[in-house]
*Asks:* 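Sharing a structure, written as structure tokens. Questions coming.
Note that this is a predicted model, so its numbers are computed, not measured. Basis for what follows: all heavy atoms, side chains included, without hydrogens, waters or symmetry-related copies. Per chain, numbering begins at 1; letters A, B, ... match sequence-line order.
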Amino acid sequence: MPERNVMSYNILIGGYIQNGELGAAIEVFKEMGRRNSATWNAVITGLIKSEFNGEALRLFTKMHGNGFLPDAYTLGSVLRGCAGLRDLIKGTQVHGYAIRSGLEMDLVVGSSTAHMYMRCGILSEGQRVIQSMPVHNVVACNTLIAGLVQNGCATGALDQYYIMKIAGFQPDKITFVSVISSCSELSTLGQGQQIHAEVIKAGAMSVAAVISSLISMYSRCGCLDDAVRVFGERGRAEDDLVLFSSMIAAYGFHGKGEEAIELFNRMERDRLEANEVTFLSLLYSCSHCGLKDKGLEFFDMMVKKYGIEPHVKHCTCVVDLLGRAGCLDEAEAFIRSMPVEPDAITWKTLLSACKIHKNTDMAKRIVEEILKIDPQDSASYVLLSNTQACAERWQDVSDVRRKMRERMVKKEPGISWFELRNQVHHFIMGDKSHPNSEDIDSYLQELMAELKSLGYAPDIGAVLHDMDVEEKGIQLDTPQ
DNA sequence: GTAGGGTTAG
């Protein structure tokens with residue numbers, strides 16, 4: 001087979017992959033007597049684009065074994081595969097290969113390396129790789145911004161967004177999705193509105209992912225009306241399904257279960273086929289709106305009518321549904337017979353229901369399950385201690401606290417914040433550092449008096465014992 | 001002919 005023919009086969013493979021016909025591409029690949037690096041790269045990339053990451057990595061090993069040296073194309077794809085599998089060990093090996101072959105600083109290889117580290121939760125290494133690159137482009141900036149927000153550093157992501165603009169890069173749809181998510185994480189409505197305006201100016205309002213993140217941002221910032229407006233003004237987005245899923249969740253977040261269900265019914269009428277995320281939004285809405293039976297009905301419908309295999313997240317929603325409704329035994333039985341392995345969040349969902357319904361015996365048992373999965377989970381110890389406090393079992397409360405000290409488990413103090421006229425004001429429990437602290441406190445007392453006059457009874461049992469050693473320390477250390 | 005970043009739920 002002459003080299004000229006290899007090239008025409010490669011064109012054929014490329015075309016199949018572009019059309020999503022991976023099977024046909026692999027058929028051609030198998031038939032080829034001679035291949036070059038581009039042949040291997042095309043198939044490896046095709047596999048990774050369809051999320052066959054493990055298969056792609058095996059083919060990469062085979063490529064290497066056949067004497068073909070990986071180039072920047074290969075490494076970029078393979079690193080993306082490692083990121084998809086969250087395989088830090090393989091990812092680090094590929095990074096090592098990139099360094100030895102002098103491709104580490106290549107724009108694509110560098111971004112892919114950083115993305116791999118950040119997907120595996122190693123934010124600092126990802127930041128280091130991006131910052132050591134001599135040249136940047138919009139993709140390198142996006143990699144860093146997305147990595148920051150996905151690793152819980154939304155403030156850092158927004159800082160990086162302003163740095164990127166100062167450096168002269170034009171944000172694109174992917175930048176917008178990441179920074180809008182950052183705003184919803186931080187509930188900084190003003191900043192979110194400003195970015196919304198930038199999205200309009202940049203002409204990115206037809207991108208479903210962007211609209212979706214705007215709906216979610218407005219909803220989480222407390223502006224359901226704006227979320228509804230963005231949803232209503234959506235043009236002919238190519239991917240309507242994501243928008244419906246976001247909007248259902250937004251209604252659920254605001255306690256509007258009826259509206260969430262109505263939207264789902266509208267999807268069925270319009271023959272827009274719900275997917276696993278739609279059902280997640282729907283189950284979430286039912287559990288947050290006290291619609292237990294409806295929720296169970298939807299779970300059943302998802303499996304039987306739509307043929308969607310339940311994911312652990314769906315099951316956790318069902319646990320929440322049962323738990324909030326007070327069906328604790330049913331919830332525990334559900335977890336123990338679920339089709340997928342429960343994770344720490346599943347158990348924590350039940351634990352929080354134990355606190356609401358003051359079931360201390362079950363709480364003890366559930367905490368043991370959580371600590372099997374995550375022994376350093378401070379929130380579970382605190383939740384257990386609060387459950388005991390609600391039931392006025394003070395001896396058990398101090399036992400839990402003692403265990404935490406013995407196991408060196410530290411609880412991060414809670415923090416809350418809000419944005420006012422482009423300024424973020426934040427408060428730690430017992431914090432007196434805010435310049436208007438006294439005024440705020442006296443207004444809070446007024447509000448509390450008004451609440452009580454309207455019949456509100458605070459849950460003192462839990463509140464008094466919510467303050468633990470670390471939080472007290474911070475309260476005392478805070479400058480006046 | 002082959003390369004990198006994002007989405008909704010929790």
*Asks:* In whole Å, what is the span from the CG atom of A/Asn53 to the P atom of B/dA3?
*Replies:* 15 Å

*Asks:* Could you check, using the six-membered ring where one of them is a Trp, whether A/Phe299 and A/Phe279 have ring centers closer than 6.0 angstrom?
*Replies:* no

*Asks:* With sugar-phosphate meaning primed atoms plus P, OP1 and OP2, does A/Ser112 contact a base, only sugar-phosphate, or nothing at under 4.0 Å between heavy atoms?
*Replies:* sugar-phosphate

*Asks:* Of all the nucleotides listed (B/dT7, B/dA3, B/dT8), which has the minimum atom distance to the side chain of A/Ser246?
*Replies:* B/dT8

*Asks:* Mind calculating the distance between CE (A/Met118) and C1' (B/dG4) to the nearest angstrom?
*Replies:* 12 Å

*Asks:* Can you tell which of B/dT2, B/dT8, B/dG6 lies closest to the side chain of A/Ser178?
*Replies:* B/dG6

*Asks:* From the options B/dG1, B/dG4, B/dA9, select the nucleotide whose nearest atom is closest to the side chain of A/Asn10.
*Replies:* B/dG1

*Asks:* Indicate yes or no: does A/Glu368 engage A/Lys372 in a salt bridge with an N to O separation below 4.0 Å.
*Replies:* no

*Asks:* Using a 4.0 Å heavy-atom cut-off across all strands, classify A/Lys348 as base, sugar-phosphate, or nothing.
*Replies:* nothing

*Asks:* Could you state the CG-C1' distance from A/Asp172 to B/dG6, rounded to the nearest angstrom?
*Replies:* 9 Å

*Asks:* Checking contacts here: which listed nucleotide (B/dA3, B/dT7, B/dA9) is nearest the side-chain heavy atoms of A/Ser281?
*Replies:* B/dA9

*Asks:* Check for a donor-acceptor pair, side chain of A/Arg35 on one end and backbone N or O of A/Phe29 on the other, with a separation under 3.5 Å.
*Replies:* yes

*Asks:* Under 4.0 Å, heavy atoms only, any strand: does A/Asn275 hit a base, just the sugar-phosphate, or nothing?
*Replies:* nothing

*Asks:* Counting only side-chain N and O atoms of A/Arg220, is one of them less than 4.0 Å from OP1 or OP2 of B/dA9?
*Replies:* yes

*Asks:* Quick one: is A/Lys49 getting a side-chain N or O under 4.0 Å of the B/dA3 phosphate, OP1 or OP2?
*Replies:* yes

*Asks:* Just call it for A/Leu107: base, sugar-phosphate, or nothing, with non-hydrogen atoms closer than 4.0 Å on any strand.
*Replies:* base

*Asks:* Establish, with yes or no, whether the OP1 or OP2 oxygen of B/dG6 is under 4.0 angstrom from a side-chain nitrogen or oxygen of A/Gln150.
*Replies:* yes

*Asks:* Answer yes when A/Glu51 and A/Arg80 have at least one side-chain N-carboxylate O distance shorter than 4.0 Å, and no when they do not.
*Replies:* no

*Asks:* For residues A/Phe169 and A/His136, establish whether the separation of their ring centroids is below 6.0 Å.
*Replies:* no

*Asks:* How close or far is atom P of B/dT8 from atom CE of A/Met247, stated in whole angstroms?
*Replies:* 15 Å

*Asks:* Please state whether the phosphate of B/dA9, meaning OP1 or OP2, lies under 4.0 angstrom from any side-chain nitrogen or oxygen of A/Ser285.
*Replies:* no

*Asks:* Between B/dT2, B/dG6, B/dA3, which nucleotide gets closest to the side-chain atoms of A/His115?
*Replies:* B/dG6

*Asks:* What nucleotide among B/dG4, B/dT2, B/dT8 has an atom nearest to a side-chain atom of A/Ala42?
*Replies:* B/dT2

*Asks:* Return the value, rounded to whole Å, for the distance between atom NZ of A/Lys173 and atom P of B/dG4.
*Replies:* 14 Å

*Asks:* What integer distance in Å separates A/Leu283:CG from B/dT8:P?
*Replies:* 18 Å

*Asks:* Could you tell me how far apart A/Ile174 (CD1) and B/dG4 (C1') are, to the nearest whole angstrom?
*Replies:* 10 Å

*Asks:* Which nucleotide in the set B/dG4, B/dG6, B/dA9 lies at the smallest distance from any side-chain heavy atom of A/Arg80?
*Replies:* B/dG4

*Asks:* Strictly below 4.0 Å: does A/Ser216 bring a side-chain N or O up to OP1 or OP2 of B/dA9?
*Replies:* yes

*Asks:* Checking all strands, does A/Ile345 fall into the base, sugar-phosphate, or nothing category for heavy-atom contacts under 4.0 angstrom?
*Replies:* nothing

*Asks:* Report which part of the nucleic acid A/Ser181 touches: base, sugar-phosphate, or nothing (heavy-atom distance under 4.0 Å, all strands).
*Replies:* sugar-phosphate

*Asks:* Over all strands shown, is A/Ser77 touching base, sugar-phosphate only, or nothing at heavy-atom distances under 4.0 angstrom?
*Replies:* sugar-phosphate

*Asks:* Base, sugar-phosphate or nothing for A/Thr316? Non-hydrogen atoms, less than 4.0 Å.
*Replies:* nothing

*Asks:* Rounded to the nearest Å, what distance is computed from the CG atom of residue A/Leu103 to the C1' atom of nucleotide B/dT2?
*Replies:* 14 Å

*Asks:* Does a distance-only test, which skips hydrogens and angles, find a donor-acceptor pair under 3.5 Å between the side chain of A/Asn36 and the base of B/dG1?
*Replies:* yes

*Asks:* Can you tell if the side chain of A/Glu273 reaches within under 4.5 Å of the side chain of A/Tyr306, non-hydrogen atoms only?
*Replies:* yes

*Asks:* In terms of relative ring orientation, are A/His64 and A/Phe60 parallel, tilted or perpendicular, with 30° and 60° separating the classes?
*Replies:* tilted

*Asks:* Looking only at side-chain N and O atoms, does A/Arg119 come under 4.0 Å of OP1 or OP2 in B/dG6?
*Replies:* yes

